[in-house]
Amino acid sequence: MAHWPRGFDKATRFLYNAGVSQDVATPHHPFSQWRGRLGRAVVLVAVAAGAGFAIWQGVTGLTPKTLTDIRQERLDVAAPPLSDSGVGQTLVCRQSNLCAVEVLLVIHEESRTPESPGVITFHLRETPTATTDLVTIPVDTDGWAHNTPYTFSFPPLADSAGRAYAVVLTAEPGTPVTVWAESVDTYADGSLIVDGEPRAGDLYFKTYVQYTPLMTVTDTLAVLPAALGLAVPLVLLLLLPGLLLSAGLLSAGLVSADLVPARLNALERVCLWPCLSLAVWPVLFLLTLLPGVRFGPALAWGFCAVLLAAAGALLVATRGRGAGRWLREANTPVGWGLLVLFLVTLLVRFAQVRGLVAPCWIDPVDHALILRRFLGAGGIPASYEPLLPVPDYLHHYGFYTVAAMFHWLTGLDVSGTLLILGQVIGALVVPATYLLAARLSRRPLAGLVAALAAGLISTFPAYYVSWGRYTQLTAMILLPAALVCTMLALESRRTNWRLVVLAALTTAAVLLTHYRVFVFYACFVAPYVLYTAYRWRAWRPLLGRLALHVGVVLLIAGPWLWRLAVRWFAGFIAQGTLVQTLSVDPAYNDVPWGYLTAGWNRELAALAFAGALVGLWRGRRLAALMALWLAVLVIVTNTNRLGLPNTFVINNGTLLIAVYLPLAVLVGYLVDAVARWLLRRLAGRGRRVAVGLVALALLGVGLRTGWAMIPIVNPVTVLIEPEDLPAMAWIRQHTPPTARFLINGHIWPEGEFRDYVGSDGGYWVWHLAERETTVPPLAYAMAPADYRDGVNALMQAVNEDPALDSPDLRRRLREAGVTHVYIGARGGAIRPEALAQQPYCRVVYQQGPVWVFELVNE
């Protein structure tokens with residue numbers, strides 16, 4: 001046995017004997033101890049410097065964010081020339097900390113001379129005729145360009161919420177500068193000001209406010225009572241089913257150590273709970289394919305009552321011993337850190353959607369359509385009828401089962417259900433990513449860092465909120481659980497049916513929730529099986545368990561796969577057009593490199609690459625599996641490089657928004673490897689100090705990157721504004737159910753899919769006002785050709801003649817059953833000033849930027 005001199009603690013001896021501190025040698029030189037102390041001091045100073053930098057970045061990064069408050073973006077005329085009395089706009093600020101006003105410049109170049117006055121002055125006043133300015137900003141117009149926005153910034157006004165202001169621009173007579181305006185009233189809380197008097201119309205303008213971390217806290221406290229009211233349904237849906245499954249299939253008494261080489265620990269099982277819960281509902285809803293089985297509010301609450309009773313019975317049967325043991329095992333610094341990270345991510349997700357009245361962009365309109373069909377059918381619908389003439393429902397559906405249950409438990413409307421549930425599921429990326437990273441690396445710190453990277457650093461999946469891509473988000477939360485459970489089932493020393501069922505359940509749930517993410521799953525499992533079989537030198541048992549796994553997945557998802565086979569693939573094969581149907585235009589597979597460089601993604605990709613190199617050099621399975629997974633994904637996505645056609649199922653865009661998962665795992669491994677390398681060179685108090693510094697560094701990084709994500713919603717994707725909601729209520733009360741609305745729309749050019757989608761709040765009339773529109777949800781692309789072509793042809797004719805001047809176009813509208821025209825707050829090709837004076841249109845509703853016209857018989 002080696003002679004251990006004084007000063008070597010038990011931890012250092014253990015690491016030395018374990019072979020992880022081979023750089024520590026038994027000191028024989030009289031200066032060895034001094035060299036060791038100096039080395040430990042250098043390491044500690046390096047850790048302290050890095051942690052201090054991260055903490056400093058986190059604290060200094062909590063600067064106020066500039067967010068849009070009011071947007072009036074319609075224009076058709078130039079405002080009168082600026083003069084001493086000025087041109088301006090009255091407005092009412094919605095939020096605190098008003099800090100900037102933006103206008104759009106009109107430069108009369110033909111009138112500009114070297115002698116022309118070159119200074120305009122921005123005035124912010126309480127009223128247009130006030131003699132005292134709150135803000136005065138003189139600006140030299142030299143170098144200004146026509147049709148460019150200019151922002152007047154000033155110190156934030158803390159008490160601006162709900163206050164009225166007047167923005168006035170003045171200049172010396174002859175100044176060749178003015179601003180754009182709209183000739184009709186489009187802003188409800190103010191009006192255009194010329195020479196101190198109100199005029200018809202409004203300026204083109206935007207106002208900005210500063211949003212501070214303290215405002216995030218106050219906003220959270222304001223909605224906390226309502227949030228607590230939703231907490232019970234969310235726990236019943238997203239936690240309790242997984243807890244019960246975990247207790248039944250992964251408890252120590254049911255899965256013994258000889259069956260699973262390394263069982264999931266308490267914290268990993270907790271992270272598995274929400275994933276298992278998300279997996280339960282789509283499988284359970286397969287029962288609704290049976291005749292006479294319909295879900296509804298009563299049955300939803302009944303299921304929850306059964307879950308609560310089962311949880312209570314389990315607690316009584318075990319006398320709380322299992323819960324106590326679990327609490328002791330999960331009560332670790334990493335466990336508390338993961339809880340804090342989840343809560344912060346949840347807070348950030350909801351802060352990102354503050355001010356939204358419905359989910360963003362095009363997908364949620366389809367989500368609302370399918371959810372309404374689920375609610376109407378009491379389960380998986382057979383078709384989109386009667387809402388749309390699409391005879392078969394073949395879309396993946398897992399997310400809608402959770403949304404339907406949440407709707408039945410809370411009574412929220414369709415848009416509120418999607419918006420709130422989407423943000424909660426988005427925060428579940430934290431436990432899901434931790435589960436995969438911790439399981440593959442066997443290191444809690446690696447899991448925690450990976451969860452931080454996926455939740456608060458990577459642009460994706462946070463940016464999914466701008467697209468309303470909640471179906472893919474839900475499947476991406478299920479994916480880590482499916483991978484981990486599959487590995488547990490395949491790596492057990494002998495077949496264990498409980499693990500087989502668990503793996504098949506989560507895998508089937510991925511398939512039922514999103515077909516594309518199931519392709520991601522298959523792209524991992526295939527190289528994983530080959531790699532594991534090669535390392536084990538045992539092909540037969542592994543392939544046998546894989547075949548069993550596939551068989552049980554097919555058994556669970558069988559009813560749905562049978563529908564797909566009968567109604568989808570059978571039709572394609574019969575017509576001999578399967579390949580042609582799946583193929584898409586090559587442009588559909590263009591690489592959107594901006595996804596990889598957005599936000600902190602570039603840095604994450606670099607760290608992940610470094611983690612892969614380090615892991616491969618050290619022979620780590622995690623690095624090999626992640627590298628193989630990424631390689632297979634790239635190959636499958638770019639089959640055109642192999643002479644095969646690409647498909648609409650997966651493209652480079654959908655790949656880049658999903659690779660956050662393997663990248664986060666590799667980043668977690670790298671940080672853990674570096675931290676362990678540093679900590680091996682410390683001992684005793686120095687090691688404890690270093691661990692604390694690493695924790696603070698992670699906190700600093702999370703604060704900076706999480707706060708930077710607050711304004712992540714792309715305003716271009718916000719179709720419906722708060723001003724649209726009163727109009728929706730008016731339509732429900734004052735128009736017959738048979739009314740049909742002409743709305744603004746534009747063609748959606750994505751590969752070969754060239755159909756029309758809505759461009760403003762009118763796209764939500766179908767759901768929020770329950771009236772048909774000329775642009776249905778995008779699922780109409782699956783309708784019979786005559787219906788789809790009719791929608792596209794009519795909207796093309798409208799966009800070519802948005803004033804409806806053509807009698808032939810008005811005849812076509814009448815034949816299509818169109819009775820009204822809706823122009824939302826965002827607006828589009830159809831403009832209110834073009835219709836207001838027409839004899840065939842009558843204004844029946846106008847509030848700010850929202851107009852409703854009734855088509856009058858000629």
Side-chain angles (χ1 to χ4, degrees), residues 66-80 82 86-95 97-106 122-125 127-128 135 147-154 157 160-169 177-194 197-209 355-357 713-727 744 759-762 822-836 843 845-852:
T66 300
L67 306 179
T68 304
D69 184 37
I70 304 172
R71 293 188 301 174
Q72 200 303 95
E73 299 177 283
R74 295 185 186 173
L75 57 91
D76 62 350
V77 297
L82 300 183
V87 172
Q89 174 75 36
T90 56
L91 58 93
V92 177
C93 193
R94 296 172 179 170
Q95 304 176 59
N97 291 343
L98 175 67
C99 66
V101 177
E102 179 186 304
V103 295
L104 191 62
L105 301 175
V106 176
F122 170 89
H123 309 267
L124 184 67
R125 303 168 177 167
T127 64
V135 176
N147 273 349
T148 56
Y150 188 86
T151 302
F152 298 92
S153 301
F154 44 86
L157 306 178
S160 61
R163 291 189 59 183
Y165 295 97
V167 172
V168 180
L169 300 174
V177 177
T178 186
V179 290
W180 282 107
E182 173 72 9
S183 59
V184 299
D185 292 329
T186 56
Y187 174 63
D189 295 327
S191 64
L192 179 67
I193 300 296
V194 179
E197 298 295 331
R199 297 280 185 89
D202 294 284
L203 286 188
Y204 171 102
F205 74 98
K206 298 179 186 178
T207 64
Y208 298 93
V209 296
L356 295 183
V357 298
V713 171
N714 187 346
V716 173
T717 66
V718 179
L719 299 182
I720 184 170
E721 301 283 356
E723 294 88 346
D724 289 294
L725 292 185
N744 276 303
S759 61
D760 65 8
Y822 183 94
I823 301 175
R826 285 289 304 273
I830 308 171
R831 301 185 59 81
E833 62 272 18
L835 300 182
V843 178
Y845 176 92
Q846 192 270 318
Q847 185 68 26
V850 182
W851 296 68
V852 177

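For this chain, numbers begin at 1 and follow the sequence in order. We use all heavy atoms of the structure for the numbers below, so side chains are in, but hydrogens, waters and symmetry mates are not.
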Is it true that a side-chain atom of S160 and a backbone atom of Q95 form a donor plus acceptor pair closer than 3.5 Å? yes
D202 (side chain) donor-acceptor with T186 (main chain) under 3.5 angstrom: yes
Rounded distance (nearest 0.5 Å) linking atom CG of L124 with atom CG of L98: 6.5 Å
Could you tell me whether the side chain of Q846 and the main chain of G848 form a donor-acceptor pair under 3.5 Å? yes
Go through F152 and F154 one step at a time and tell me if the ring pair (Phe, Tyr, Trp, His ring centres under 6.0 Å) criterion holds. CA-CA 7 Å; F152 298 92; F154 44 86; 9.0 Å; no
Using modelled atom types only, decide if a donor and an acceptor are shared between the side chain of R826 and the backbone of V718 within a distance under 3.5 Å. yes
Are the aromatic rings of Y845 and Y822 close, with centres under 6.0 Å apart? no
Distance-only polar pair, side chains of S759 and N744, donor-acceptor under 3.5 Å: no
With heavy-atom distances below 4.5 Å as the criterion, would you say the side chains of L91 and F205 are in contact? yes
So do the side chains of T207 and Y165 get within less than 4.5 Å of each other, counting heavy atoms only? no
Shortest non-hydrogen separation from V179 to L203 and the atoms involved: CG2-CD2, 3.7 Å
Look at the side chain of E182 and the backbone N and O of L75, then say whether any donor-acceptor pair between them is shorter than 3.5 Å. yes
Between V106 and V177, is there a side-chain heavy-atom distance shorter than 4.5 Å? no
Can you find a pair of side-chain heavy atoms, one from V184 and one from W851, that are under 4.5 Å apart? yes
I'd like to check R74 versus Y204 (side-chain heavy atoms, cut-off strictly below 4.5 Å). Are they in contact? no
Does any N or O in the side chain of R831 come within less than 3.5 Å of the main-chain N or O of A834, such that one atom is a donor and the other an acceptor? no
Can you tell me if D760 uses its side chain to pair, donor with acceptor, with the backbone of G824 under 3.5 Å? yes
Test item: N97 side-chain N/O and V209 main-chain N/O as donor-acceptor pair under 3.5 Å: no
For R94, is there an ion pair with E723 - N to carboxylate O distance below 4.0 angstrom? yes
Audit row: Y208, L67, side-chain contact (heavy atoms from CB on, under 4.5 Å) steps and yes/no: CA-CA 6 Å; Y208 298 93; L67 306 179; over 6 Å; no
Closest non-hydrogen contact found for A200 with L192 is O-CD2, 3.8 Å
Between S191 and P198, is there a donor-acceptor pair closer than 3.5 Å when you use the side chain of the first and the backbone of the second? no
Taking side chain as C-beta onward, heavy atoms only, is T66 less than 4.5 Å from C99? yes
Can you find a side-chain donor-acceptor pair between D76 and W180 that sits under 3.5 Å? no
Treating T90 as the side-chain partner and A166 as the backbone partner, does any N or O pair qualify as donor plus acceptor under 3.5 Å? no
